[in-house]
Amino acid sequence: MSWNESTRYQRPTRPTYLPPHLRDQPPITDSISSSPSRSPRFGRGRGRGRGSRTRAPNQDRSWGGGSGGGDRFRETFSDPGPGPYPYSQSQAQPFRSSERFDELEVVEEGLSNVNLDAYDETPVETSGFDVPPPVTSFADVHFSAALMENIKRCNYVKPTPIQRYAIPVAMAGRDLMACAQTGSGKTAAFCFPIISGVLKDHAKTPAQILAEGRGMNLNMACPLALILAPTRELSCQIHDEAKKFAYKTGVKIVVAYGGAPIVQQFRNLERGVDILVATPGRLVDMIERARVSLRNVKFLALDEADRMLDMGFEPQVRRIVQQMEMPRAGVRQTMLFSATFPTEIQKLASDFLSNYIFLSAGKVGSSTDLIAQKVQFVADMDKKSRLMSLLISQRSNGSQGKPILTLVFVETKRGADALQQWLSMKGFPSIAIHGDKVQLERERALRSFRTGVTPILVATDVAARGLDIPHVAHVINYDLPRDIDDYVHRIGRTGRAGKSGLATAFFSDKNAPLAKALVELMMEANQEVPTWLLEYAETYSSSFTPRVNRSSGIKFGGHDYRRGASTGTENYDYSNQIADRRDVQPYGAGASSSYSCHSSDAGYSSPARANSFGEGLYNHMYGYNPVIAGGLN
DNA sequence: AAAAAAG
């Protein structure tokens, strides 16, 4: 890196005396560059020299050694080490989270064991003005050496489709609305460019920074980037992941969310923050207390953006984005990511964007055919026994004695507790997570599930979106959601990072409104649809749905709504699609199946394909149990 | 009639 550290402007992060005549002024004096450096609280902790003193003593600096420790690092990192369960790799330490979340498993494997070829065939749609061309490798992007090193450390070998397209767009400073299948690496797609952007900002001279009118602020954090997420756990996860990407770059990342002591989070902010990851409520609180200002935000990312803009969240998010000190669209860079993007939400979201590029990676509907989807008709009163049958048979088919991580979604918080207690009573090690639990319990539940201590997690939709829990082999929709988008996100907790997974849904009478959308989604993903479900779909849609209905029809987005706009004086460049080959490794030992497929019609796969490996996994888990196998469909 | 997000 060529910047001269001694002349770098260090943004203040702690109440520091500033002569009144310098406040909120762009002073020319060089006292700015020398004054901050005297304070040990200043600086961004570049990992050496003065910066390292600013690190919290409990921050994890024990691994990785110096810049020459790369090889040793890789060795440690790729070895999960001994543990009760093979996924306890966070205990190998390389990217252990710091501070109070060091107990939260950071099991994100980068995309190390991942079969990236599974994504090669993904069709990608792009639209908007002057779409920057995709890259084929991270090396094609102009990332700084430190960031590139971290990308390697995380074992990111090559970019996923969404990363190939989104990263150049983001690096070009363009606004972005991105729709990509669950588990395909969205977090990295916005984190890499943001970290890169922050690094470029760090390289600026004091004069450049002051010329932008960015003054010092007493006791008020002014992050350069803001990442919003809909749940506390997701914001933690993004924080943990972003920290790995920013390791030893000096980029400071802080997380803020409710249910945890705000003072601790203030303390974290005081140490300096470049990138703030937050849930909306806590962020608003902090802004109102004048401990955070959004005035310097240059990068805004909304993860699960469609959720952030749905009915419950929209006012809060709109307030943050439009009514606080946030620079307006076009001044800041805004990136919205989700696996689903209903048209109505796209319209709302376009308020936040300026001349944006729309990306859609994955098949229409954004469900993935890496997930084998099964639907069983189960009357409500029979659900418990059916669940038990499923669990018993997969228990006996577990590979090598390892528990099969099973995520069971229910409708209500009370229902989650009740089912979990019943399961525990019946001898199934399980734990529940929902929004009525105190934060510590929520985190404990997640950890206990991740590590396999309780291989069954009963959850509400709090766990439906974004959470990356490696090795979830089975998602059971004990209660189906009302909204097909939620279904897409729920089943997306399995089949992540190129692995295949299984999703089983219990469909009861009251789910009739979902039938049509479910059928369309399953057909899109080349899943076998039971005939009774087809009948449900037809019956319900003909007699109960006079016209296009909220819960029927494909509404996940996957296409730029501007394409359909009749006001189109603009010329969009549509449908840039790629197709290649794929190989898939399912979870579990015995049942690997792979294939390759060349497709010329832009990635729409043959019906036989998805089922071929889906059935492999399915048979692996259930094929030996005639009772269960016979009871399906 | 649900869940989530501030306390």
Side-chain angles (χ1 to χ4, degrees), chain A residues 226-239 255-266 269 276-292 302-321 323-324 338-340 342 345 380 407-420 432-443 445-446 457-467 475 477-493 505-506 508-514 550-551:
Chain A
L226 175 65
I227 300 170
L228 289 176
T231 65
R232 297 163 181 176
E233 286 77 12
L234 183 54
S235 63
C236 283
Q237 178 183 298
I238 295 167
H239 173 246
V255 66
Y257 56 88
I262 200 168
V263 232
Q264 181 58 49
Q265 293 175 2
F266 283 149
L269 288 172
L276 179 58
V277 185
T279 49
R282 178 55 61 91
L283 176 63
V284 168
D285 191 4
M286 287 178 158
I287 293 171
E288 282 171 348
R289 298 191 198 200
R291 298 297 296 264
V292 170
L302 267 59
D303 202 6
E304 307 298 334
D306 59 330
R307 160 64 88 238
M308 303 301 288
L309 286 165
D310 80 2
M311 280 208 319
F313 265 122
E314 195 215 331
Q316 229 173 352
V317 172
R318 202 171 270 281
R319 212 174 140 211
I320 291 167
V321 177
Q323 289 164 30
M324 301 290 191
S338 184
T340 53
I345 305 285
D380 287 332
L407 182 46
V408 182
F409 280 105
V410 296
E411 177 109 44
T412 66
K413 293 179 273 202
R414 268 184 52 196
D417 280 331
L419 186 60
Q420 182 270 320
I433 186 169
H434 58 71
D436 274 356
K437 292 204 166 206
V438 298
Q439 192 55 25
L440 231 52
E441 286 179 313
R442 283 166 59 160
E443 283 156 21
L446 210 49
L457 180 66
V458 184
T460 60
D461 273 331
V462 71
R465 282 173 172 259
L467 293 189
V475 170
N477 273 289
Y478 184 89
D479 301 318
L480 273 163
R482 324 161 63 119
D483 193 330
I484 192 67
D485 288 338
D486 290 330
Y487 175 82
V488 171
H489 287 275
R490 284 179 176 189
I491 68 171
R493 295 319 97 209
F506 292 171
S508 80
D509 267 328
K510 67 174 187 184
N511 299 124
L514 193 71
R550 217 183 152 264
S551 57

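Lettering follows sequence order; numbering is per chain, from 1. All figures in this text were calculated on a predicted structure; none of them were measured in a lab.
Looking at residues two or more places apart in sequence or on another chain, you find no side-chain hydrogen bond (donor to acceptor under 3.5 Å, both in side chains) involving Asp303(A). Not counting sequence neighbours, the partners of Thr279(A) by the side-chain contact (heavy atoms from CB on, under 4.5 Å) test are Arg232(A), Ser235(A), Tyr257(A), Arg282(A).
Following rounding to the nearest Å, Asp486(A) (CG) and dA3(B) (P) show an atom-to-atom distance of 12 Å. Straight-line distance from the CZ atom of Arg482(A) to the C1' atom of dA2(B): 6 Å, rounded to whole Å. Protein atom CD of Glu233(A) is 9 Å distant from nucleotide atom P of dA4(B), rounded to whole Å. Taking atom CG on Asp436(A) and atom P on dA6(B), their separation rounds to 14 Å, with Å as the unit. As rounded to whole Å, 13 Å separates atom C1' of dA5(B) from atom CD of Gln265(A). Here the P atom of nucleotide dA5(B) and the CG atom of Asp310(A) are 13 Å apart, to the nearest Å. Distance, Arg307(A) CZ to dA3(B) P: 12 Å, rounded to whole Å. Rounded to whole Å, atom P of dA3(B) lies 11 Å from atom CZ of Arg490(A).
Residue contacts for Arg442(A): at a heavy-atom cut-off of 4.0 Å it reaches the sugar-phosphate backbone alone, with no base atom in range. Counting any heavy atom pair closer than 4.0 Å across all strands shown, Gly258(A) reaches sugar-phosphate atoms only and no base atom.
In the set dA6(B), dA3(B), dA1(B), the nucleotide with an atom closest to the side chain of Thr279(A) is dA6(B). Listed nucleotides dA3(B), dA6(B), dA5(B) differ in distance to Phe313(A); the shortest reach to its side chain belongs to dA5(B).
Side-chain N or O atoms of Asn477(A) include none that pairs as donor or acceptor with a backbone N or O of Ala505(A) at under 3.5 Å. Distance alone, capped at 3.5 Å, is enough to place a donor-acceptor pair between the Glu441(A) side chain and the Val438(A) backbone.
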Would you sort out whether Arg465(A) and Glu233(A) count as a salt bridge (Lys or Arg N to Asp or Glu O under 4.0 Å), showing the intermediate values? CA-CA 10 Å; Arg465(A) 282 173 172 259; Glu233(A) 286 77 12; over 6 Å; no

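Note on Lys510(A): every side-chain N or O is 4.0 Å or more away from OP1 and OP2 of dA1(B). For the pair Arg232(A) and dA3(B), the criterion of a side-chain N or O lying under 4.0 Å from OP1 or OP2 is not met.
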